[in-house]
Amino acid sequence: MTHPRTADAPERRGRPRNAALDTAVVETVLRLLEEGVTLGELSMERIAREAGVGKATVYRRWPGKEALMLDVMRSLEHAAPELAGESVRDDLVTLLETLRRRGLAKRSSAVLRTVLAQIKAHPGLWQEYHDKVVTARREAVHAVLRRGMATGEVRSDLDVELMGDLIVSPMLSRAMFHERAELPEDLPGKIVDAVLEGVRPR
């Protein structure tokens, strides 16, 4: 006998996501990239086969390769640090320390270097990564600088985006583009102090 669905009974919308399966697929992509497989050589079919799951299972979770690759790149990101909000210098050092630690993680650096080297052939993927990951990271730095302008710790006549680039770019350059560059513990402080010396009100 079929029972009618009552008004307060939630309608099932398919099976819930399987976190372990999602992780297995992401790990498979990371392994393939580490082994030197290019983005062009990665297909949803190959990823499914290597992960030991059905192609339909992968497509149920990601509509295409770019959506999957975005999750792969997100998996390499560290959680946004909690900022004390008391000192512009300390907060900027905290944000740079997150980038330094990501640079020290060999897997993260190697995979992101591989992806960045091939990203021009996949502009949609880069745009998604920029909009959903990079922009949030940049805005965190800009917010600290804007707060510094309001408190008088930073000159208010300078361009926030330019100041953000001056602070973040040296760390990104070492961490992402120079495989053997050193990333000492005091590097975030040295970068921030060098920039703040120039942007401090006279």
Side-chain angles (χ1 to χ4, degrees), residues 26 30 33 39 66-67 69-202:
V26 168
L30 288 170
L33 290 172
L39 293 181
E66 289 192 349
M69 282 303 306
L70 182 60
D71 276 355
V72 169
M73 294 167 74
R74 278 173 165 167
S75 75
L76 300 173
E77 294 289 323
H78 289 265
E82 187 171 337
L83 303 178
E86 298 174 357
S87 160
V88 167
R89 180 196 183 273
D90 291 348
D91 285 353
L92 291 175
V93 170
T94 298
L95 291 169
L96 280 194
E97 176 62 15
T98 301
L99 294 180
R100 188 184 78 89
R101 291 188 178 186
R102 189 183 67 175
L104 289 173
K106 292 183 178 180
R107 182 181 215 187
S108 174
S109 295
V111 170
L112 283 176
R113 272 195 295 269
T114 297
V115 171
L116 288 173
Q118 305 171 40
I119 208 72
K120 287 185 179 179
H122 302 271
L125 174 59
W126 169 248
Q127 192 62 51
E128 282 283 301
Y129 180 67
H130 183 275
D131 291 348
K132 296 183 179 179
V133 178
V134 176
T135 297
R137 193 164 58 218
R138 285 168 57 88
E139 181 52 37
V141 173
H142 295 167
V144 173
L145 291 170
R146 283 193 290 267
R147 192 185 80 224
M149 289 178 168
T151 60
E153 295 171 81
V154 176
R155 284 169 53 188
S156 60
D157 62 323
L158 296 177
D159 182 85
V160 169
E161 290 197 11
L162 176 59
M163 285 191 287
D165 289 343
L166 290 172
I167 290 167
V168 173
S169 295
M171 184 66 76
L172 284 179
S173 177
R174 286 199 182 197
M176 302 308 306
F177 303 115
H178 301 289
E179 188 172 353
R180 286 178 287 277
E182 293 185 0
L183 298 170
E185 289 186 12
D186 62 348
L187 182 59
K190 285 183 174 180
I191 293 173
V192 171
D193 287 341
V195 176
L196 288 184
E197 184 60 32
V199 302
R200 187 173 291 122
R202 298 287 188 267

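Quick caveat, the model's predicted, so the values are computed rather than measured. One-based numbering along the sequence shown.
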>> Restricting to non-hydrogen atoms, name the atom on A175 and the atom on L99 that form the minimum distance, rounded to 0.1 Å.
In response: CB-O, 4.3 Å

> Can you tell me how far CH2 of W126 sits from CE of M73, rounded to the nearest 0.5 angstrom?
Replying inline: 7.0 Å

> Less than 4.5 Å apart, any side-chain heavy atom of R74 and any of K132?
Replying inline: yes

> Who pairs with E197 by salt bridge (charged side-chain N to carboxylate O under 4.0 Å, His left out), at least two apart in sequence or on another chain?
Replying inline: R200

> Is any side-chain heavy atom of I167 less than 4.5 Å from a side-chain heavy atom of L145?
Replying inline: yes

> To the nearest 0.5 Å, what is the distance between CG (L172) and CZ (R174)?
Replying inline: 12.5 Å

> When rounded to the nearest 0.5 angstrom, what distance separates CG in L96 from NZ in K190?
Replying inline: 14.0 Å

> Which one of V199, L196, V195 satisfies the side-chain contact (heavy atoms from CB on, under 4.5 Å) criterion with L166?
Replying inline: V195

>> Any heavy-atom pair between the side chains of V141 and M163 that's under 4.5 Å?
In response: no

>> With heavy-atom distances below 4.5 Å as the criterion, would you say the side chains of V26 and L30 are in contact?
In response: yes

>> Pair T94, E82 - check side-chain contact (heavy atoms from CB on, under 4.5 Å), show working.
In response: CA-CA 8 Å; T94 298; E82 187 171 337; over 6 Å; no

>> Within the 4.5 Å heavy-atom criterion, are R137 and T98 side-chain neighbours or not?
In response: no

> Given L39 and E66, is the side-chain contact (heavy atoms from CB on, under 4.5 Å) satisfied, shown in steps?
Replying inline: CA-CA 10 Å; L39 293 181; E66 289 192 349; over 6 Å; no

> For R100, does the CZ atom sit with more than 12 other heavy atoms under 6.0 Å from it, leaving out its own atoms?
Replying inline: yes

Just list the side-chain donor-acceptor pairs under 3.5 Å for residues 153-160, sequence neighbours left out, or say none.
from : atom 1 : to   : atom 2 : distance (Å)
E153 : OE1    : V88  : N      : 3.3
E153 : OE2    : T151 : OG1    : 2.7
R155 : NE     : D157 : OD1    : 3.1
R155 : NH2    : D157 : OD2    : 2.9
D159 : OD2    : E161 : N      : 3.1
D159 : OD2    : L162 : N      : 2.7

>> Using the side chain to side chain contact (heavy atoms under 4.5 Å, CB included) criterion, which residues pair with A143? Sequence neighbours excluded.
In response: E139, R146

> Between L92 and I191, is a side-chain contact (heavy atoms from CB on, under 4.5 Å) present by the stated rule, with each step listed?
Replying inline: CA-CA 10 Å; L92 291 175; I191 293 173; over 6 Å; no

> Under a 4.5 Å cut-off applied to non-hydrogen side-chain atoms, are M171 and L183 in contact?
Replying inline: yes

